[in-house]
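FYI, side chains are in, hydrogens and waters are out, and symmetry mates aren't considered; it's all heavy atoms of this structure. When a ligand or atom number is given, it counts from 1 through the structure's own listing order.
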Amino acid sequence: MKIESITLHVVSMPLKKPFVTHLQTVKDREGIIVEVRDSDGICGLGEGVAFSTPWYTEETVNTSYHMLKDVLIPLLNSKPFHHPEEIGKRFEAVRGNAMAKAALEMALWDLYARQQGDPLWNMIGGTRKEVLAGAVVGAGSVAGMVTQAEDLVKEGYQRIKLKISPGADVEIVKELRSHFPNLSLLADANSAYSLEDTPQLQALDEFGLEMIEQPLGIDDLVDHSLLQKEITTPICLDESIVTPHDMKSAIHLNSCGVVNIKLGRVGGYTSALEIYRLCRENGIKVWCGGMIEFGVSRAHNLTLSTLEGFSIPGDISSSSKYWEEDIITYPIVVRNGVVERLEGSGIGVELNRKRLSAVTQFKESFPSHEKHV
Ligand code: OSB
Ligand code: MG
């Protein structure tokens, strides 16, 4: 693949209203849009989903920027390649920094698909015409969370995820369940509990949650395995699954029944597709997680979610859930609980240049020094 230049756009956009978890309140979303251009002017798009501070994982916008500029772009330019999968593999030589790797790797997949004139969903083997959409209710008062959920259900979302933490859990789940006896509900703890909290987590079992997401340590697989033996609600891992090797270990240990796959957290498509394959072969359910992202990453999430195994609604929401105006020309819209897959080539979205430049804080272009064919 011949690449002429790579541009990093550091953007910042206020959320319509703050998104609250027990770890962080996100008011403004910073991110990095990666644009990879070939000599014919075709552009592939990626998005760095690290936050401004390391509250979710260890990466930040600044560490991602550094990795992209000083390590990953030079590594990409160091020798020729023919397929984006080779870059996913090449980046394995760099420790960690999954979100930085993913930002560039997903742009290369998009470029590659656009060069062939093929939708990326088709290239990765996707079959779903409609991607199943769920939405997240941030932490807040019980009444506030009920209201948020009511609004989202009215908008058609098929599944609601509640952010919980110790002391803000049983009462919330109980109340939501009584308002919505048949709704598909799940709870995400973002690692707020430890094994000592097992009785509190057992108390959630009676409310028929679809799953509980990442109750324990972000790097833990053993305690999750022990906890799963004590609770009937299936455990879904988020933060703990970064590499295919983590996935193999989780399968070996029976640490979870479900995995939330996020392209950013796992370092891009090459890793995500491998994790997906391992899950399929071992009876682990999967769905696509969200990162309060802009339209580029939303379109990548839709792409990934066209794979047959993504049979549980993901954190797939309309651009308008968080943004007054997204950075893509046509915002992502959930209708009747689904988003239709995008039929254009690559990820099927284009940048709204005017909106992008209005929210760009800084941008820098790197010519590709690749001389080879
Ligand atoms: O844990 O899944 C998570 C948002 C930011 C970081 C981590 C998580 C989340 C969400 C919201 O739960 C998902 C979304 O609507 O984008
Ligand atoms: Mg989560």
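For residues 302-317, every residue pair satisfying the side-chain hydrogen bond (donor to acceptor under 3.5 Å, both in side chains) rule, not counting sequence neighbours, is listed here: T127-E308, R159-D315, K161-D315, R298-S317. For residues 140-152, no pair satisfies side-chain hydrogen bond (donor to acceptor under 3.5 Å, both in side chains), with sequence neighbours left out.
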Q) Does the pair E105 and T270 meet the rule for a side chain to side chain donor-acceptor pair (under 3.5 Å), with working shown? A) CA-CA 8 Å; E105 198 242 23; T270 309; 2.4 Å; yes

Q: Please step through salt bridge (charged side-chain N to carboxylate O under 4.0 Å, His left out) for the pair R341 and E343, ending with a clear verdict.
A: CA-CA 6 Å; R341 77 178 174 212; E343 298 293 348; 3.0 Å; yes

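For the Mg ion (ligand 2), the set of protein N/O/S atoms nearer than 2.8 Å consists of D188 OD2, E213 OE2, D238 OD2, ordered by chain and number.
L201 places none of its side-chain heavy atoms less than 4.5 Å from the side chain of T198.
Listed by chain and number, F19, F51, W55, Y56, V136, K161, K163, D188, N190, E213, D238, K262, G290, M291, I292, E293, D315, Y322 each place a non-hydrogen atom less than 4.0 angstrom from ligand 1.
Rounding to the nearest 0.5 Å places CG of N260 at 8.0 Å from CD of E239. To the nearest 0.5 angstrom, I327 atom CD1 is 10.0 Å from R353 atom CZ.
Judged by distance alone, the side chains of S365 and T7 do bring a donor and an acceptor atom under 3.5 Å apart.
A salt bridge is defined here as a Lys NZ or Arg NE, NH1 or NH2 lying under 4.0 Å from an Asp or Glu carboxylate O, and E86 with K89 fails to meet this definition.
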